[in-house]
Amino acid sequence: MLSDDHLTLERRVIVRIRDGLHARPAAQLVKRARGYAAELWLDHGGKSASAKNAVKLMLLAVKENAEIVLHAEGADAAAALDELTRFLETEDEGTLSPLAPSASPGAAGTTASPLAPAARRGIGASPGVALGPAFRYFPETLEPPHHHVPEAARPAEAARYEAAAARAAAALGQCAALAPESGDAPIGGIADALVEIVRDADLDAAIRLRIAEGMDAVTAVLDAGGEIAATFAGLSDAYMQARAEDVLSVSRAIALACLGRQDPSIATIAEGAVIIADELTAWDLARAPGARIGGIVCTRGAATAHAAIIARTRGIPAVFGIARLEQVADGTMIGLDGSSGDVVIDPDAATLSALQARVRGESAARDALAAFRDVAPRTRAGEAIVIAANLGSVGEIGVARQEGAMGIGLFRTELLFIEARRPLGEDEQVVAYERLATAFPGQHVTIRTLDVGGDKPVPGIDIPAEDNPFLGWRGLRYCLDRPELFAVQLRALLRAAVHGNLRIMLPMVSDPEELRRTRALIETCRAALAAAGVPHAVPPLGIMIETPAAALLADSLAAEVAFFSIGTNDLTQYIMAADRMNPRVSGLNRPDHPAVMRAIEMVAAAGQRAGIPVCMCGEAAARPDLIPRFVQLGLTELSMTPAAVLRAKEVVTLI
Ligand code: PEP
Ligand code: MG
C-alpha cells in the first residue's frame, strides 16, 4: 500500500482561464503550487512541465479551453490538486488582481498557515468586496440520542414532535410574513419554502413511523430528515442537490425544538461584520438581519445553495470553501472578494488599506449606480429602453424593485414549483401571479408558462429519462401533451390577469402549430371561467425565441403574437449545437458569436416589420458590452437578474 507521502493523484482539467496560461496566470499558478510540498506537474500536448516553474509552464502554450492533465505526488497532493484545478477552471484568473498584495516567492508558503496575512482561495459564491470583524457562527453538533421509547410513552413522544414542528413552522412563518416589505424580500420566498418542508407530508409520515416503532422524537426527526436529504443529494441537478441542505436544516430546527433549544441567532451581528461559519443554511439566514451582514465566509456550501442565492440577491459578498475557520477568533478582521473567492484573515496594514480602498471604490460605484434606480433610461438619441428583471420567486419582488427593475421580463414559473417541491394548484398560482402583477403597476409582468425538462426537473412532474433532454420533451411541447397540468396554469394566469399588466410567454416554441394549440386551450379556459362567472381577462400572448426554428420562422410567428423575447441561453446552445451545461464546449456557447448575432438580427427585424416589441431575457441581455448592439438592432426591452439592472440602465444612457 502506498503511504500518504507517496500518494500520486491525477486529474483532467479544462483550462478556462481567459486567453490561456499566459505569463500572469502562469506566475499566479506557480505561487499557489509552491504553497504545497507535493510534486506538481502538468501534461499538455505530449509535453510535461512542473507547476512550480512559470517559464516551463508558459512553454506548454496551454490555450483557453485546452485539456491538460494535472499530477500531484506527496502528502498534500489532494489539497494541491483541488486548489490548482479551481484556479485553472476560473475564467478570470490572471486577469483580475488578487485581493492580497502580490507575495514574494519566499512568502508563497504562507498560504498553508491558517491566520497568515495572505489570501486563501475559495469558491466565489456572491460577488463584491467586504471587510469587517469576524462574527463566529458555529452551532453545536447535534447527535441523535437513540433512546428506545416504550410503547406506552410513544403517543407523548409523537406529541412532543408535533409541538416542536409547530414551533419551528411558526418561527419561520414569522420571517416569511415580515419579509416582503422589509427589504428582506428574498428571504420571504425561501422562508415560505422552508415552512413547506416542516409541513411536508413525506417527512412527517417518516418521522411518525419511526416514533411509532419506538424511536425517540429527536432521533426520529434527524433520521427521517437525513434520509429525505440523501435522496435530494443523489439527484443529478445541482439546484436539487442543494435542497438537501434545506431539509437537513429544517430537521435540525425541529429536533432542537424537541429539546427546548434553538441555534444561536445571528440577530446580534454588528453592522458590517463578516459571518464565519462551517456552513450557513437558508434557515440560519432566514432569521438574520440581512442589511447588517457585511459578508459571509464558510467552509462548506455550493454556489447553488439557498444561502448563496440569498447572498447574491441581496448583494452580500460571500465565499465558500475556506477551511479551518473555527480557529479564527471573534472580531478578527476578515477581507473577502466574492468574485475571485479570495479571503484574507487578519490582513496586514498594506492589505488592509488596499481592501479599504476597494470597499470604498465599490461603494462609490454602487452609490453612483443607485442614481439610476428611478430612471427610465433613454439612449442619447432619445430611445426609451425598458430594463426589467428575471425572477423565479415571489420573494424576489422587493429586491427587483429596490434595484430599479421596470417590471418583470421573465418569471420562471417552474422555479415556483421547484421551490414548493410540487406542482402548485390553481388557487396557489393565482396568489403568486397576483402578487407579481400588483407589485409593478403600470409595467409589464411577463409570466413564462412552465419550462420543465432539459435541465429543470420539477418534483411531481414525471419526465422519463431521455438521451437528449435538451432536444426532448420539454417546455411548451411537454405542456401541450399534459393539458390537465397546462390548463391549471393558464386558468390561474387568466384569473390573475384582471390586474391588467400580465403577459403570458411561451417557452421553447418551434412550430406555429404549438402556438395555435395553446390559443385553443386558452380559449377553452376562458370559456370555462366565463361560464362559472369567475373574473378573468385574456392577457397578451408572446413567445420566447429560443430555437433555430422559431428564429427562422420569426416573420410568420410575429404575425400571431404580441411580443417576442429572445432567450439567448437556449438560442445559443441550439444555434451553436453546444450543450449549455457542458463545460467542454463552453467556448462555442457564446451569444456574441456571429451566428447567434445573425439570428438575433433576423428576429429583431421580423419583429419590427410586424410592429411588435422584441425583448431579450437570456443572460446576454445583461452584458454591458452587448447592450449597445442589441439596442442598435431594435430591441426595446432587456430583462436580467435584478443585480444587473442598475448597470444596464447606465449603459443605455451612454449609447
Ligand atoms: C433562455 O433560454 O435564454 C432563457 C431565458 O430561458 P432559461 O434560461 O430559463 O432556459
Ligand atoms: Mg430557455
Side-chain angles (χ1 to χ4, degrees), residues 386 388-392 407-416 436 444-456 469-480 486 489-490 493 502-519 521-522 539-576 580 589 591 596-597 599-607 610 612-622 630 633-641:
V386 171
N390 292 351
L391 302 187
I408 300 176
L410 165 64
F411 187 87
R412 292 179 163 102
T413 53
E414 62 280 2
L415 295 186
L416 272 185
L436 293 164
H444 285 139
V445 170
T446 313
I447 314 269
R448 182 174 73 181
T449 58
L450 276 178
D451 188 15
V452 294
D455 63 328
K456 297 169 184 155
F470 277 114
L471 301 181
W473 203 26
R474 64 168 295 197
L476 185 58
R477 23 185 111 155
Y478 178 86
C479 287
L480 284 169
F486 198 17
Q489 178 164 52
L490 292 173
L493 284 165
L502 280 196
R503 303 196 295 190
I504 298 181
M505 180 160 79
L506 308 177
M508 283 297 296
V509 173
S510 38
D511 188 290
E513 189 53 28
E514 294 166 334
L515 190 54
R516 286 174 211 136
R517 286 173 62 201
T518 306
R519 274 204 199 286
L521 193 56
I522 291 176
L541 181 68
I543 59 170
M544 292 195 68
I545 303 287
E546 295 177 287
T547 64
L552 292 167
L553 293 180
D555 272 313
S556 47
L557 288 167
E560 299 195 35
V561 295
F563 64 94
F564 281 159
S565 187
I566 303 174
T568 47
N569 309 341
D570 276 316
L571 186 63
T572 306
Q573 79 162 340
Y574 294 131
I575 294 264
M576 300 305 296
R580 68 194 254 189
N589 220 305
V596 183
M597 290 305 288
I600 295 171
E601 193 182 326
M602 280 171 50
V603 173
I612 61 167
V614 180
C615 322
M616 179 181 284
C617 61
E619 301 289 323
F630 296 147
L633 290 176
L635 270 59
T636 50
E637 178 181 319
L638 302 170
S639 189
M640 59 202 64
T641 178

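Heads up: numbering here begins at 1 and tracks the sequence.
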Closest non-hydrogen atom pair, V509 against T547: O-OG1, 2.9 Å

Residues forming a side-chain hydrogen bond (donor to acceptor under 3.5 Å, both in side chains) with D555, sequence neighbours excluded: R609

Side chain to side chain, T446 and F563, heavy atoms closer than 4.5 Å: yes

Nearest heavy atoms of Q489 and R448, plus distance in Å: NE2-O, 4.2 Å

E637 side chain near P613 side chain, heavy-atom distance below 4.5 Å: no

Salt-bridge present (R517, E514; N to O < 4.0 Å): no

Whether N589 side chain and T572 backbone form a donor-acceptor pair below 3.5 Å: no

Contact summary for P469 and R474, nearest pair of heavy atoms: O-CD, 4.0 Å

Any M505 side-chain heavy atom under 4.5 Å of F411 side chain: no

Minimum side-chain heavy-atom gap L410-S565 below 4.5 Å: no

Pairwise side-chain contact, D570 with Q573, heavy-atom cut-off 4.5 Å (strictly under): yes

Listed partners of V561 passing side-chain contact (heavy atoms from CB on, under 4.5 Å), at least two apart: L515, I543, F564, I612

Least distance between heavy atoms, S639 atom then A621 atom: O-CB, 3.6 Å

Within 6.0 Å of CD in E601, more than 12 heavy atoms from elsewhere: yes

Sub-4.5 Å side-chain heavy-atom contact between F486 and Y478: no

Stepwise side-chain contact (heavy atoms from CB on, under 4.5 Å) test for M616 and I600: CA-CA 9 Å; M616 179 181 284; I600 295 171; 3.9 Å; yes

Residues in salt bridge (charged side-chain N to carboxylate O under 4.0 Å, His left out) contact with R519, at least two apart in sequence or another chain: none

Closest heavy-atom pair and its distance - S510, R477: OG-NH2, 3.3 Å

Side-chain heavy-atom pair N390, R412 within 4.5 angstrom cut-off: yes

Verdict with reasoning, N569 to E546, per side-chain contact (heavy atoms from CB on, under 4.5 Å): CA-CA 8 Å; N569 309 341; E546 295 177 287; over 6 Å; no

